[in-house]
2 protein chains.
Amino acid sequence: MENYTEQDKFLLAVDCIIFGFDKQDLKILLIKRDFEPEKGNWSLMGGFLKKNESLDEAANRVLHHLTGLENVYLEQLQTYSALDRDPVERTVSVSYFALINLTEKTKINEDFSAKWFSINEAPPLIFDHNQMVSDAISWLRHSVATKPIGFELLPEKFTMKQLQSVYEVILGEELDKRNFINKINALDILIKIEEKDRSSSRKGSFLYTFDEVKYKAKVADGFTFKFMGVK
Amino acid sequence: MENYTEQDKFLLAVDCIIFGFDKQDLKILLIKRDFEPEKGNWSLMGGFLKKNESLDEAANRVLHHLTGLENVYLEQLQTYSALDRDPVERTVSVSYFALINLTEKTKINEDFSAKWFSINEAPPLIFDHNQMVSDAISWLRHSVATKPIGFELLPEKFTMKQLQSVYEVILGEELDKRNFINKINALDILIKIEEKDRSSSRKGSFLYTFDEVKYKAKVADGFTFKFMGVK
DNA sequence: TATTTAAGTGTATAAATTACATTTATTAAA
DNA sequence: TTTAATAAATGTAATTTATACACTTAAATA
């Protein structure tokens, strides 16, 4: 069995668009680049693919290295291959998007001078990272309407209000509280816990969790998650 | 400016999932592999990325080489990187899906022993190509509901019946003719031509074309294509 | 026990989707 | 020239889904 000896080889990288949700805000985790070119400028967290790992593994490694987190929601998006996208050397990069629950006091590796930015206040980024982020935001908007990923941005137990805020900030519009709750309840994929969050009001609000088992059973049964057109 | 000299490099390939529509049938174009390993088995059309091209250019090149066609609808899907996906040598492959109008007597380069297969009658494929195809079919199903790509599988002028057939075969369900036409007309992105196709009936049926200019204007104006839930 | 705060709840209207059957244009055969 | 055959073209009522909208409840604190 011969090798493909005649063919060109390429540097392959992953770049992570890391989204977090904090109170009312959709945020993105960026790092400050500490080498030339573009030293001191903001960038996505990335890393080169290594010989003995898959792209998913590389993305998980990079993410873990920066945040210490494992089992984060991580999805491959697009592969960027413009000839001049990295001025140092031709590099093809695969973007991944990650959803993180920020409330659990995520610790960030200080080696990277990383910082969370509100989506609307993020600085310009190096290379084609601006494009990657804007593609990822489009995808997030689309995804949240067709997959139950809103929960990934919240702690395991969350209030309806928090979930509504996630949807509002991603969709970029205010939603009606009653309609939102009716719609979510109609999906029938949450478990209401007999436990209240009292941090926001005297009455306290009930907590919910995503019922992944039920969700999967429903999907196997032909159900498709759809969350659209809720004002 | 230093190079990334320490990093591993990889073979990068593109593999094309080429869909065509013929009368009532969604088809896929496969080639017969003529070298080891897996010689004689069916495969997607693919090729290695070259030093001086982007992935999109590589996919277009591969597609053009096989079909002679240019300006085909082509979209990047996913990048596959499992360590053992190609037994010859580690290769990372980016899948592309293409939509082709088959009725215009597409000529296929005979060097590749290529053949059109009905989606339901396609043979097992080499490597992870089965996975690529099934991912592409899911994506096609999803895409046809959210983007005006049904037209890409038809000649420039088409009848409502043909368009309905495209939707039916992709969605895998029968649609009601009146509801289908009402829905499509409500989208208001087709031009009715004063010209009939007489191949299928004595009365003949009017031909339509996709009004791309109008569509783009509507999108710029906030319109989003949605074709869902039509029985 | 009164006040304050956010949580929790229901319904009527509007819009979208679905189910469904007859008429029309044309050609070929009688 | 009339008739028969074929697929194209067309509209509406019933149902489902989405939207707009405001008051009551639970609990803590003053």
Checklist entry - Nearest-Å distance, CG (A/N185) to P (C/dG8)? => result 11 Å
Item to check | Residue whose nearest DNA chain C nucleotide is more 5′ - A/K192 or B/S201 | outcome: A/K192
Next on the checklist: Any side-chain N or O of B/S205 below 4.0 angstrom from OP1/OP2 of D/dA9?
Outcome noted: no
Next on the checklist: Under a 4.0 Å threshold between the charged nitrogen and the carboxylate oxygen, would A/R61 count as salt-bridged to A/E70?
Outcome noted: no
Checklist entry - Taking all non-hydrogen atoms of both residues, which atom of A/S200 and which atom of A/S205 are closest, and how far apart? => result OG-OG, 4.4 Å
Next on the checklist: What is the separation between atom CZ on A/F206 and atom C1' on C/dG8, rounded to the nearest whole Å?
Outcome noted: 9 Å
Checklist entry - Rounded to whole angstroms, how far apart are NZ on B/K183 and P on D/dT10? => result 19 Å
Item to check | Integer-rounded Å distance: D/dA8 C1' and B/I184 CD1 | outcome: 17 Å
Checklist entry - Rounding to a whole Å, what distance do you find between A/R198:CZ and D/dT25:P? => result 18 Å
Next on the checklist: Taking donor-acceptor contacts at under 3.5 Å, does the side chain of B/R202 reach the base of D/dT6?
Outcome noted: no
Next on the checklist: Rounding to an integer number of Å, can you tell me how far A/L207 CG sits from C/dG8 P?
Outcome noted: 9 Å
Next on the checklist: Which residue is it: A/D15, A/N60, A/D56? I am looking for the one with a side chain to side chain donor-acceptor pair (under 3.5 Å) to A/Y96.
Outcome noted: A/D56
Item to check | For atom CD1 of B/I181 and atom P of D/dT12, their distance in whole Å | outcome: 16 Å
Next on the checklist: What is the separation between atom CG on B/N179 and atom C1' on C/dC20, rounded to the nearest whole Å?
Outcome noted: 9 Å
Checklist entry - Between D/dG11, D/dT6, C/dG8, which nucleotide has the shortest distance from any of its atoms to the side chain of A/K203? => result C/dG8
Checklist outcome for this item: By nearest-heavy-atom nucleotide on DNA chain D, the more 5' of B/R178 and B/K161 is B/K161
Checklist entry - Is a side-chain donor-acceptor pair under 3.5 Å present for A/E75 with A/Y73? => result yes
